[in-house]
Amino acid sequence: MASPLRAGRGTNLAILVLLGGALATGTLATAIGSGWSRWPVVAHGVVGLALAVVAPWKTLISRRGVRRRGARSVPSLALAALILLALGMGIAHAAGVERLGFLPARALWVHVAAALSAVPLAVWHVVARRTYPRRTDLSRRALLRGGAALAGGAAAYVAYEGAIGALGLAGERRRHTGSHEAGSFDPSAMPTTIWLNDSRPGVDPASHLVMVTTPAGERPLAVSELAAFGDRVRATLDCTSGWFSTQDWSGIRLDRLVGTGAGRSVLVRSLTGYSRRFPLTDLSAMWLATHVGGGPIDAGHGGPVRLVAPERRGFWWVKWVDLVRVDDQPWWWQPPFPLT
């Protein structure tokens, strides 16, 4: 039988590995908008529930530690509380519970905030407990235990998904990204969200111009000129806030606006300074939209001109566009998530 010290170290290491897996799969699930995002979403759920499987062993160890260390256990208890909060809010979001009365924000936002807040405490835990990987951690017994924890997480995931379906909860209808439907084909019911510390600018559609810069030169285009092209697309805006909305958009396809000649990428910038960069090869599947559902896009939804980028998450759909520029920067020369 393993000693309490060795068992405790093994449990701590398992939790840290699972936390790392949850962070990695959660990041991928947030970043990817195409169909194969389903797999990181499923993996994220399995890893998260595997933490719940390991939790009883950690509880036994923690009780001994609290009795021995007293007040010095506060950071460890805070880490445990954050993990439980993140797990609970993730389960609530998957079921379709968007808000809980005692919390000021959506369940998904609380889930993400709790998970990110746990990261520095988890790093502290590694340093303070000296829970560093060793060669012996790859023993057959350790691998079997890790596999058992993941198998338990997978079984819990299947059971939970089955319960959601059997009870007819809203989570049964969520998209492959984990998002829930909101206001499809009704632009007025579509939520309005803003990335981090961005803010809605004051803009007059009648005087607003979009500067298009290509190797051939610069040309300012009015909203009415962009709208006149009338290129239409039905596309789903899938926001990292946990909702999606399918709408009919119209404006101009981006390759018709800038061509596909010289240059390596296209920068699309907002009046607020927010921007994203795209490869030239993707321009035929992207639009500068001026209308949604047959009417002008309002300011809350990014009007008078916003980018429509199907199969990409909402943070790629630049709002309040004032510049489209072709240049020689590679498209990946940017943070994977906008920093502001």
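Closest heavy-atom contact between R200 and T192: NH2-OG1, 4.5 Å. In terms of heavy-atom proximity, A170 sits nearest to G96 at CB-CA, 4.0 Å. The shortest heavy-atom contact between T272 and P201 is CG2-CD, 3.9 Å. P205 approaches P304 most closely through the heavy-atom pair CB-CB, 3.9 Å. Closest of all the heavy-atom pairs between A262 and V326 is O-CG1, 3.4 Å. Of all heavy-atom pairs spanning P40 and A29, the tightest one is CB-N, 3.9 Å.
Distance alone, capped at 3.5 Å, is enough to place a donor-acceptor pair between the E225 side chain and the A222 backbone. When atom types are taken as modelled, the side chain of R312 and the backbone of A31 share no donor-acceptor pair closer than 3.5 angstrom. With hydrogens and angles disregarded, a donor-acceptor distance shorter than 3.5 Å links the side chain of Y160 to the backbone of I91. In this structure, the side chain of S37 does not engage the main chain of G33 through any donor-acceptor pair within 3.5 Å. Between the side chain of E181 and the backbone N or O of S184 there is at least one donor-acceptor pair closer than 3.5 Å. Formation of a donor-acceptor pair under 3.5 Å by the R174 side chain with backbone atoms of H180 is not found in this model. Not one N or O on the side chain of E161 forms a donor-acceptor pair closer than 3.5 Å with the backbone of E172. Between the side chain of W287 and the backbone N or O of G251 there is no donor-acceptor pair closer than 3.5 Å. Within the 3.5 Å criterion, the main-chain N or O of A113 finds a donor-acceptor partner in the side chain of S117. H93 places a side-chain N or O within 3.5 Å of a backbone atom of G178 that can act as its donor or acceptor partner.
For the 3.5 Å distance criterion, the side chains of D255 and S284 fail to qualify, holding no donor opposite an acceptor. There is a side-chain donor-acceptor pair under 3.5 Å between S265 and R277. Neither side chain, T193 nor S241, offers a donor N or O lying under 3.5 Å from an acceptor on the other.
Taken from CG in L85 to NE2 in H111, the straight-line distance is 10.0 Å, to the nearest 0.5 Å. Here CG of L283 is found 7.5 Å from OG1 of T281. Values are rounded to the nearest 0.5 Å. T214 OG1 to R219 CZ: the interatomic distance, rounded to the nearest 0.5 Å, is 7.0 Å. For the atom pair CG (L82) and CG (L116), the distance works out to 10.5 Å, reported to the nearest 0.5 Å. Here the CG-OG distance, from D186 to S245, works out to 8.0 Å after rounding to the nearest 0.5 Å. Atom CD1 of residue I32 and atom NE2 of residue H176 lie 10.5 Å apart, to the nearest 0.5 angstrom.
At a threshold of 4.5 Å between non-hydrogen side-chain atoms, the residues V268 and L323 do not count as touching. The side-chain heavy atoms of W249 and T290, taken from C-beta on, include no pair separated by under 4.5 Å. Using a 4.5 Å heavy-atom cutoff, the side chains of P187 and Q247 are in contact. The shortest side-chain heavy-atom distance between T213 and V324 does not fall under the 4.5 Å cut-off. The closest side-chain heavy-atom distance from W331 to V266 is not below 4.5 Å. The closest side-chain heavy-atom distance from T236 to R175 is below 4.5 Å. Side-chain contact between L221 and L257: present, with at least one pair of heavy atoms (C-beta onward) separated by less than 4.5 Å. Between D322 and M211, the closest side-chain pair of non-hydrogen atoms is not below 4.5 Å.
Electrostatic pairing of D248 and R232 does not count as a salt bridge here, judged by no charged N lying under 4.0 Å from a carboxylate O. R253 and D231 are not joined by a salt bridge, as no carboxylate oxygen comes within less than 4.0 angstrom of a charged side-chain nitrogen.
Taken together through direct or relayed side-chain contacts under 4.5 Å among Ile, Leu, Val, Met, Phe, Trp and Tyr, L49 and V17 form parts of separate hydrophobic clusters. The hydrophobic cluster containing V47 does not contain W36, counting ILVMFWY residues as joined when their side-chain heavy atoms lie under 4.5 angstrom apart, directly or transitively. Put simply, V305 and L267 are part of two different groups of oily side chains (I, L, V, M, F, W, Y) that touch within less than 4.5 Å, one to the next. Under a hydrophobic clustering in which Ile, Leu, Val, Met, Phe, Trp and Tyr are joined whenever their side-chain heavy atoms come within less than 4.5 Å, directly or via other members, V223 and L209 fall into different clusters. Put simply, F244 and V292 are part of two different groups of oily side chains (I, L, V, M, F, W, Y) that touch within less than 4.5 Å, one to the next.
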Next item on the list: Could you check R264 against D328 for salt bridge (Lys or Arg N to Asp or Glu O under 4.0 Å), going step by step and ending with a plain yes or no?
Entry: CA-CA 5 Å; R264 299 178 66 186; D328 289 325; over 6 Å; no
Next item on the list: Could you walk me through whether W320 and H208 pass side-chain contact (heavy atoms from CB on, under 4.5 Å), step by step?
Entry: CA-CA 10 Å; W320 313 298; H208 181 70; 6.0 Å; no
Item checked: Steps toward side-chain contact (heavy atoms from CB on, under 4.5 Å) verdict (D238, W243) -> CA-CA 6 Å; D238 195 327; W243 58 268; over 6 Å; no
Checklist line | Test side-chain contact (heavy atoms from CB on, under 4.5 Å) applied to Y274 and R269, step by step | finding: CA-CA 6 Å; Y274 181 100; R269 189 188 71 188; over 6 Å; no
Check: Hey, mind stepping through M89 and V112 against side-chain contact (heavy atoms from CB on, under 4.5 Å) and telling me if it holds?
Finding: CA-CA 9 Å; M89 292 302 98; V112 173; over 6 Å; no
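Aromatic ring centres of W195 and F315: separated by under 6.0 Å.
Taking the centre and axis of the six-membered ring of W316, the NZ or CZ atom of R276 falls inside the cone set by 45° and 6.0 Å.
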